[in-house]
K.L.:
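For reference, the structure I am asking about is given below.
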Amino acid sequence: MASLRDYPSLPIPRLMPGLVCWYSPFDPNNDGTQLANNTAMSAWSNKNANTIDMAQATGASQPTYKTSAFNGKPLVSFSGSNFMLAQAASPTWANFATNFTIYVIFSLSSSSNVNQAIISKGNSTAAPNWLLAVNRTGSATNKIGFFNGSVWIDSTSTISNTADLNIAAFSWNGISPLFFVNNSNVGTSGIMVNVTSNTQSIVLGGQGAVGTTNLFHGNIGDILIYSSAHTSSQIQQVQTFFSNFYGMNF
């Protein structure tokens, strides 16, 4: 099975400005090889040229690698009790103080947990800087939402439970945000982002680096973090790239 580094032309994600982290299930160790099916993952290496890797030393909290989870392509499975985190001190995370863009490819396996955090920046003793979650409570059940440290904004479309792969993108330029789900702008009027601390961990599959809560139950594909705000056109290019690659249904 080919890795992302074997594409015949330069992938669209690398053409976008500010790429800091790219975690790919096609090359989880960033060495051109793949893991065996059902391998417990203690680390997930960044494909970009730095050392910000996701890690999880506790066996019971490690997600599972699946070699053929969606249309014959690999994903990383989170059971609702797993999470990984990437710790980095300033100035690395300081790049996100005024501009950042995140992309996450995921599918929801179960709606039993509410506010399932796909990716967050923050810790367990204070409100997160930001949080991208699915299966929001109340009228937003099975919808993806972005929490800015004080309030939520929810997607206008419902996320399929187990059936489909989705891609969410959130971009912040220090003044106004863009929020896209499955290549549709879901609207973010009036939302601000809490970026007062730049040293808190990036957490994948949950909220909070210690005693993690709001754990995600589903599968995760590529995760990309940029230190620049992307335009609507750039977001659509990235989402279309992954939609075509994975064969998503939107």
Side-chain angles (χ1 to χ4, degrees), residues 1 21-31 33-47 51-70 73-89 93 102 104-137 141-142 144-145 147 159-163 165-166 168 199-225:
M1 187 180 295
C21 300
W22 184 356
Y23 306 99
S24 166
F26 279 80
D27 195 4
N29 292 328
N30 198 28
D31 59 2
T33 63
Q34 291 193 47
L35 302 175
N37 192 42
N38 292 323
T39 297
M41 291 180 62
S42 60
W44 195 349
S45 296
N46 182 10
K47 286 180 63 64
T51 58
I52 306 174
D53 297 332
M54 292 285 176
Q56 179 51 262
T58 303
S61 297
Q62 292 171 355
T64 304
Y65 188 78
K66 300 293 184 180
T67 57
S68 185
F70 186 84
K73 295 179 170 62
L75 297 172
V76 179
S77 177
F78 290 74
S79 68
S81 61
N82 318 125
F83 68 98
M84 305 183 85
L85 62 95
Q87 293 177 309
W93 288 158
I102 54 174
V104 180
I105 294 168
F106 73 97
S107 62
L108 179 65
S109 294
S110 172
S111 297
S112 58
N113 295 350
V114 297
N115 296 338
Q116 297 184 40
I118 304 170
I119 188 169
S120 66
K121 180 175 181 288
N123 57 45
S124 60
T125 60
N129 281 180
W130 48 259
L131 170 67
L132 191 69
V134 70
N135 194 34
R136 291 272 295 112
T137 57
T141 298
N142 278 25
I144 189 167
F147 182 72
I159 299 300
S160 173
N161 188 25
T162 74
L165 204 59
N166 308 277
T199 59
Q200 295 174 323
S201 298
I202 298 289
V203 183
L204 184 64
Q207 173 193 334
V210 180
T212 301
T213 59
N214 293 333
L215 293 166
F216 175 69
H217 191 176
N219 300 303
I220 295 179
D222 293 81
I223 308 101
L224 302 100
I225 305 174

K.L.:
With sequence neighbours excluded, tell me which residues meet side chain to side chain donor-acceptor pair (under 3.5 Å) with Thr39.
P.N.:
none

K.L.:
State whether a side-chain donor-acceptor pair under 3.5 Å links Asn29 with Ser45.
P.N.:
no

K.L.:
Taking it one step at a time, do Trp44 and Leu204 satisfy side-chain contact (heavy atoms from CB on, under 4.5 Å)?
P.N.:
CA-CA 10 Å; Trp44 195 349; Leu204 184 64; 3.6 Å; yes

K.L.:
Is there side-chain contact between Ile202 and Ile225, with heavy atoms separated by less than 4.5 Å?
P.N.:
yes

K.L.:
Looking at Phe216 and Leu108, what are the two nearest heavy atoms and their distance?
P.N.:
CE1-CD1, 4.4 Å

K.L.:
Taking all heavy atoms of Met41 and all of Leu35, pick out the closest pair and write down the distance.
P.N.:
CG-CD1, 3.8 Å

K.L.:
Quick one, Ile118 and Ile220 - any side-chain contact, counting heavy atoms below 4.5 Å?
P.N.:
yes

K.L.:
What are the two closest non-hydrogen atoms of Ala168 and Leu132, and how far apart are they?
P.N.:
CB-CD2, 4.1 Å

K.L.:
Under a 3.5 Å distance rule, please check whether Ser24 uses its side chain to pair with a backbone N or O of Phe26 as donor and acceptor.
P.N.:
yes

K.L.:
Mind checking side chain to side chain contact (heavy atoms under 4.5 Å, CB included) for Asn219 and listing every partner two or more places apart, or none if nothing turns up?
P.N.:
Leu75, Ser77, Ser107, Ser109

K.L.:
Quick check: do Ile144 and Phe106 have side-chain heavy atoms less than 4.5 Å from each other?
P.N.:
yes

K.L.:
Closest approach of His217 and Gln116, non-hydrogen atoms and distance?
P.N.:
N-OE1, 2.5 Å

K.L.:
For Ser42, which residues count as a side chain to side chain contact (heavy atoms under 4.5 Å, CB included) partner, sequence neighbours excluded?
P.N.:
Gln62

K.L.:
Please confirm whether the backbone N or O of Pro74 pairs with a side-chain atom of Tyr65, one donor and one acceptor, at under 3.5 Å?
P.N.:
no

K.L.:
Show the numbers, then the answer: is there a side-chain contact (heavy atoms from CB on, under 4.5 Å) between Met84 and Val203?
P.N.:
CA-CA 6 Å; Met84 305 183 85; Val203 183; over 6 Å; no

K.L.:
Is the backbone of Gly206 close enough, under 3.5 Å, to the side chain of Asn214 for a donor and an acceptor to pair up by distance?
P.N.:
no

K.L.:
Would you please name every residue forming a side chain to side chain donor-acceptor pair (under 3.5 Å) with Asp53, sequence neighbours left out?
P.N.:
none

K.L.:
Could you work out, with side chain to side chain contact (heavy atoms under 4.5 Å, CB included) as the rule, every residue matching Ser79, not counting sequence neighbours?
P.N.:
Ser81, Asn82

K.L.:
Looking only at side chains, do Asp222 and Trp22 share a donor and an acceptor under 3.5 Å apart?
P.N.:
yes

K.L.:
So, do Ile159 and Asn135 sit near enough that their side-chain heavy atoms are less than 4.5 Å apart?
P.N.:
no

K.L.:
Under the 3.5 angstrom rule, does the side chain of Asn30 hit a backbone N or O of Asn46 as a donor-acceptor pair?
P.N.:
yes

K.L.:
Does the side chain of Thr64 reach to within under 4.5 Å of the side chain of Val76, using non-hydrogen atoms?
P.N.:
no

K.L.:
Could you work out, with side chain to side chain contact (heavy atoms under 4.5 Å, CB included) as the rule, every residue matching Leu215, not counting sequence neighbours?
P.N.:
Phe83, Thr212

K.L.:
Between Ile52 and Tyr23, which heavy-atom pair has the shortest distance, and what is it?
P.N.:
O-OH, 2.6 Å

